[in-house]
Structures are given as structure tokens and as C-alpha cells.
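Below: one structure, written as C-alpha cells.
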Amino acid sequence: MTHRMTDYHSPEARAAVALPPGLDEVRVRFAPSPTGSLHIGGARLVMYNVLFAHGQAKRAGKKGAFILRIEDTDQKRFVEGSAQGLMDGLTWLGLGWDEGPDLGGPYAPYVQSERQHHYREAAEQLLASGHAYRCFCTPERLQGVRDDQVKRNLPPGYDRHCRDLSVEQVQAKLDAGETFVVRITFPLEGETRFIDLLRGEIVFRNDKIEDLVLLKSDGYPTYHLAVVVDDHEMDITHVTRGPEWIPTAPIHVQLYKALGYEMPIFAHMPLILSPSGGKLSKRDGSAALADFRERGYLPEALLNYLALLGWSLDGKTEFFTMDDLLEHFTIERVSAAPSTFDRDKLDWLNQQWINHHITVDDLAARVLPFLIEAGTIDDGPRDATHPRFQEVLVASSLLKDRIRHLTEAPDLMSYFLRDELEPYEAAMLVPKKVEPEAALAMLVAVRDALPGIDLTSHDATEARLRGLAGELGVKAGQLFMPIRVAVTGRTQSPGLFDTLAAIGQDRVRDRLDHAIALLSSEAPA
RNA sequence: GGCGCAUUCGUCUAGCGGCCCAGGACACCGCCCUCUCAAGGCGGAGAUCAGGGGUUCGAAUCCCCUAUGCGCUACCA
């Protein structure tokens, strides 16, 4: 049967493209420019890279490496500390790299600004072979050309003004000291095509593509030259990146050919859209990885969510640890369609992780820094050696099912960890369908009975309080609510008996006294 | 404007020619459990598979066209 392009849609065919039989090592890279914080989309890309190299490739019996490379060829936009922040973020997520600026490796250096001569050599080679040419046009002229094109409703673009300069003309300008950039001599006719791992073949008409700049006048390469040269020299086998690079992929393909490099496999990963449409950005709440950390998300939950945004195992499985993903992820199952970031689902996953997938000890340890930051407990070691860790542990066990974000801990745990309750309305002490006087009487009764109750015994406390409700002639719930409010200052809390035990005899008594006083002054009998 | 990519419930997705008058999950609604809130259990509503043409005995699945959305259109990446 003829091998039509449509055959590519079968899972086997896609898998074959991802891991060709002859390939024995997968090398992928993430090459961010240090111009800001790590975007959540970048974090997902890194995860997919790691899963592909360390998971899928190794499962197939091949070697796999994930490389981190810094693309700092634009000094104008360089942001100090950005690269470090980026690495910190990935480390927090638990995503490591095999080679990188900090680790070094066989292809060092991993910072483009330190690889200048490679780009210059490649540019020389292209110039010599006629695949590139020097362009002496000034930014002003370029702008003028563009303005004119826009005015005449023509597609804006470079007019190839310097493409056919004679050797003598070029030399004359060089002698005159004119600055120049190096542009690709892009074919005027024909087509450029390549296989995208997620989409199949993509074809571009060559006459629609511009002679883009390869080497800037400051001698630095543009992305187009740098990425091709570095990916080749670092033996990158799969070029993964955002979909915004599809339109310029023909430039890269032609460069590979012109330079005589072996063609890599292209995989343009999907975009993450904001709920309001368009790219996810700061305006949509947080798009920066660091924000998620601050907002109390577990790295496991974020990873879990990100994995599912654009990829699925079977459409049913929702929970994945990194190990699960390493065991099951296949890059060819990543969707080519962009997906919308859904905060609700992330929140749900985060809560699920807290509720069901981590231990109480773990929760306590993770919550500790947030409690310290908020001033709920004093500063100290941010681990189990903190003097109040035991209390945090107890509070964590009681609130485990109720926390959605770690940031909620200071508020939710305050009545366990602080002696003073936050002020609350006296009316909260009075349940529906109960008179204030009756509520007051219940509180007094409880306070009077308190010395005889062993709060450390859940069952004994329950038995005594239920009995008390009977004696008072009220429903258990009606009695429990005033107690709950008195000891926590709020109408919602973990189970009452556990809560009382955690707060302890003395504080319970004090808080009951306070509630009685409060209610008495509000509703004098 | 040009070029390109994408298109299954509001959202994330399953689906690879018959198992689909479309399955799972979030969110939403109801019920159960229950001392409150969660968690948990059960159930409901929600997609004429963007639209239209083909191909086929049969299409969400293959092909074409259109529409819409998004991306790119810098000496930024």
C-alpha cells in the first residue's frame, strides 16, 4: 500500500517518527533566554523534554539526555539573575538536567554568549557558499521600506536590497567602514518542507519567506543562526519548542542544509492559552512558575496538571507522579492543539494531592514555611526540628482534607497555633432557631462540665457532650455549634472533638469564658 | 494584508472507519453521609464531534472547501 502522508496519523507511525529505529540516543534541550521569569508554558516544555529523554527514550532502550542552554544573544533584554531564577524554578519542580551552564558537560559552554566564534564561523561558511550575504541597510531605511509597504497595503518585509550587491560593492562598503548584518540567501522558488512530530508534514512556499538576519551588526547571532548551530554542535536530535517557531522553521531547515548538518526531528509543542483567549500572560493572574510556588501549589500537583494539559494517557487517568509519567509518557500523544489554562482544575488537583497523596508529616513540613512567613509561629528551623512542629503536625492532620493551597494554612490553623482568637461576632455563637439566652446557657453548661471531661479522649468527649445536649433538651448540633464558634472563632472547623483535644483544656476554658462574656454583654438576660 | 497552525461538552480530554445518537475529569446542580466545613459516595444537566461537500455498505475518525480562533510577520527570542 502506498505510504500517504495520512498514514502519519496512526500511533505507530508517529511513534516511529519520534524514535527512529536507527537512533540510539535522544538529546533534547530547553534553551530559554534570560529575559525574565520562567513561564508556566516553559515549565511544561521542560517536563515534556525530561519525560521524553529520561522516560520514553530509556524505555525504548535508548540513551536520553536533557540539556539546559541559555540563549543570551540579546544583550538589550538581558535580565540579571533570570537564569538562576529559572534553574531554581525547575529544581523546585524536581526537573533536572544532564548538562547545563552550572553542571557543564561534554558540549560546554552552555551559554550562547560564550560561543560566539561558532556562530561567526558558520556565518563565514554561509557567506562563502553564497547561502548568506551582507546587508548594509540602515535601520532607518528598513523602517522606511516597511512603512511604505504598509501604506501601500503590501506585506511588510525586507526588500532584498543588498542581496545582489557585487563583490566590489560589498568591498567598497566594507572599506568605507559601513556596518552590516548577515542575512540568509533564502531560495526564491520552490518549497521548504519538514516533518513536525505532532502535525505531520508542513510545507512552505519559499517565495513567502524573507531573508532574515542571521548575524546582527553587533556580531551576535540571532536566534535562527544560534539555535541551528548550537543544536547541531550539541547533537540535539529533537528540536522541541513553542509553536511560534513554525513560521521560521523553513529558515532553520535551509540553514541545516546549507551548513551540511544532519536534520533533527522537529516537534513544535502546543501553546497554553489564557481563559480569556490568547497567550497566557501575567494579566491572567500568574503565568510565572515562581508565582505558583508562592501561591501554595505543590510541585507535584503542578506537574500533574501540566502533564494533563495537552497530553493524556487514556483520557481517564488523572493522577500521575513524576515516576508514573516517566513510565507512561509518549511525546507523540501530545496534542498539537493549544489548550486553555484551567485554574479550577489545577486547584482541584492541588487539593487532591494534599488530601490524598502526601502524608501528614509531609504536609506539616510544607506548611511550616508559610506559617513562619505569615507570623503564625515564630521563626525557626523550617523542618521537623522546629519547636512547634508537633502542634503543626496535629493541626495538619485535622485540616488535611480542607486545605486547597498551602497559603491557607496560616488562616486555617490560627486557632490551633495562636493563643488569641481573632475577633468574631457574638451572633455567630447563636445557632439558627436558638435564642441567645439558650446559647448562653449551653456555653455555661459546657464550661461547668469541662473540668470533668477528658478532652484527649475523642469518645469520652463525644459521649459527655451528647449527653449534655440531652440534658439541655437540645439537638447535638445545636450545642456543638456554639462550642465550635467559642473555641475557634468560626463556624467551620474540623470535627469538634478532635478540635477540642488539639486546642487543649486550658485554652478551651479561656475561650468559653470569653464567649460567655461576649454573649452576656451582647444579650443581657 | 501575507503565511502557518488548530478546531469533540464552558474547560482539559478519550476516540485512529463499525464497540460512539460520543467515554472520563474540572466546574455546575441534586441526593446520601454528617456536629459545621471539607473529603467521600451516588445521580443529573451539558458536545447534532465548527459548517458544507465528498470517499465508503458505514465517518468524530480519510479527502476538499469555507468559517472561526490563535500564532508569526524585528538587527527579540
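Residue numbering restarts at 1 for every chain, and letters A, B, ... go by the order of the sequence lines.
With a cut-off of 3.5 Å on both Watson-Crick or G-U wobble distances, the partner of rG71(B) is given as rC3(B). Across all strands shown, nothing is found opposite rC9(B) as a Watson-Crick or G-U wobble partner with both distances under 3.5 Å. Figure legend. rC31(B) is base-paired to rG41(B); pairs are counted as Watson-Crick or G-U wobble with both atom distances under 3.5 Å.
Each of Lys208(A) and Arg44(A) has a nearest nucleotide on RNA chain B; the 5'-most of these lies closest to Lys208(A). Each of Phe204(A) and Trp311(A) was assigned the nucleotide of RNA chain B with the nearest heavy atom; the assignment lying further toward the 5' end belongs to Phe204(A).
Taking atom P on both nucleotides, rG52(B) is separated from rA67(B) by 15 Å, rounded to a whole Å. Rounded to whole Å, the separation between the C1' atoms of rC62(B) and rG4(B) comes to 23 Å. Look at the C1' atom in both rG46(B) and rG30(B): the space between them is 15 Å, to the nearest Å. Rounded to the nearest Å, the gap between the P atom of rA38(B) and that of rC29(B) is 11 Å. Separating the C1' atom of rG54(B) from that of rU11(B) is a span of 33 Å, rounded to the nearest Å. Of the P atoms belonging to rG71(B) and rA45(B), the separation is 37 Å, rounded to the nearest Å. For the P atom pair drawn from rG69(B) and rG23(B), the interatomic distance equals 30 Å after rounding to whole Å. rU73(B) and rG44(B): their C1' atoms are spaced 49 Å apart (whole Å).
In terms of heavy-atom proximity, Ala409(A) sits nearest to Val367(A) at CB-CG2, 3.5 Å.
We find the NZ-OH distance between Lys76(A) and Tyr220(A) to be 10.5 Å, quoted to the nearest 0.5 Å. The line from CZ of Arg77(A) to OG of Ser33(A) is 5.5 Å long, rounded to the nearest 0.5 Å. To the nearest 0.5 Å, atom CG of residue Leu197(A) and atom CG of residue Leu19(A) are 9.0 Å apart. Note that CZ of Arg29(A) and CG of Asp231(A) are 4.5 Å apart. Values are rounded to the nearest 0.5 Å.
Residue-level contact check: Thr73(A) touches the backbone only, with heavy atoms under 4.0 Å from sugar-phosphate atoms and none from bases. Heavy atoms of Arg490(A) sit nowhere under 4.0 angstrom from any nucleic acid atom. Residue-level contact check: Pro250(A) touches neither bases nor backbone, having no heavy atom under 4.0 Å from any strand. Using a 4.0 Å heavy-atom distance criterion, Arg199(A) is classed as a sugar-phosphate-only contact. Residue-level contact check: Leu214(A) touches neither bases nor backbone, having no heavy atom under 4.0 Å from any strand. Using a 4.0 Å heavy-atom distance criterion, Val181(A) is classed as a base contact. Across all strands shown, Ser33(A) has heavy atoms under 4.0 Å from sugar-phosphate atoms exclusively, and none from any base. Among the protein residues, Pro139(A) comes within range of the nucleic acid bases, having at least one heavy atom under 4.0 Å from a base atom.
For the pair Arg183(A) CZ and rA74(B) P, the computed distance is 10 Å after rounding to whole Å. Here rG2(B) presents its P atom at 11 Å from CG of Leu154(A), a figure rounded to the nearest Å. Atoms CG (Leu280(A)) and P (rU11(B)) sit 16 Å apart, rounded to a whole Å. Atom CE in Met269(A) sits roughly 18 Å away from atom C1' in rA77(B) (whole-Å rounding). Straight-line distance from the CZ atom of Arg14(A) to the P atom of rU61(B): 16 Å, rounded to whole Å. Rounding to whole angstrom units, CG of residue Asn153(A) and P of rG2(B) are separated by 9 Å. rC12(B) atom P lies 8 Å from atom CG of Leu309(A), rounded to whole Å. Between the NZ atom of Lys316(A) and the C1' atom of rA25(B) there is a distance of 10 Å, rounded to whole Å.
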Output one line per pair: protein atom, nucleotide atom from nucleotides 64-73 of chain B, and distance, for all N/O pairs under 3.5 Å.
residue: rC72(B); atom: OP1; partner: Lys279(A); partner atom: NZ; Å: 3.0

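Among rA6(B), rG2(B), rA77(B), the nucleotide with an atom closest to any side-chain atom of Ala336(A) is rA6(B). In the set rA6(B), rA77(B), rG24(B), the nucleotide with an atom closest to the side chain of Asp74(A) is rA77(B).
Taking the centre of each ring, Trp348(A) and Phe319(A) come in below the 6.0 Å mark.
Between His232(A) and Ile236(A) the shortest side-chain heavy-atom distance does not fall below 4.5 Å. In this structure the side chain of Arg69(A) never reaches within 4.5 angstrom of the side chain of Phe30(A), judged on heavy atoms.
In terms of the salt bridge (Lys or Arg N to Asp or Glu O under 4.0 Å) criterion, Arg511(A) has no residue partners (sequence neighbours excluded).
For the residue pair Asp147(A) and Gln143(A), a side-chain donor N or O sits within less than 3.5 Å of a side-chain acceptor on the partner. Looking at Tyr110(A) and Asp230(A), their side chains never bring a donor and an acceptor atom within 3.5 Å of each other.
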Practice prompt. Classify every nucleotide of nucleotides 26-45 of chain B by which part a protein heavy atom approaches to under 4.0 Å, writing B for the base, S for the sugar-phosphate alone and - for neither, in 5'-to-3' order.
Written response: BS-------BBBBSS-----
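Taking side-chain N and O atoms only, Ser339(A) has no distance below 4.0 Å to OP1 or OP2 of rC12(B).
With respect to Lys345(A) and Asp342(A), no salt bridge is recorded, no charged nitrogen being found less than 4.0 Å from a carboxylate O.
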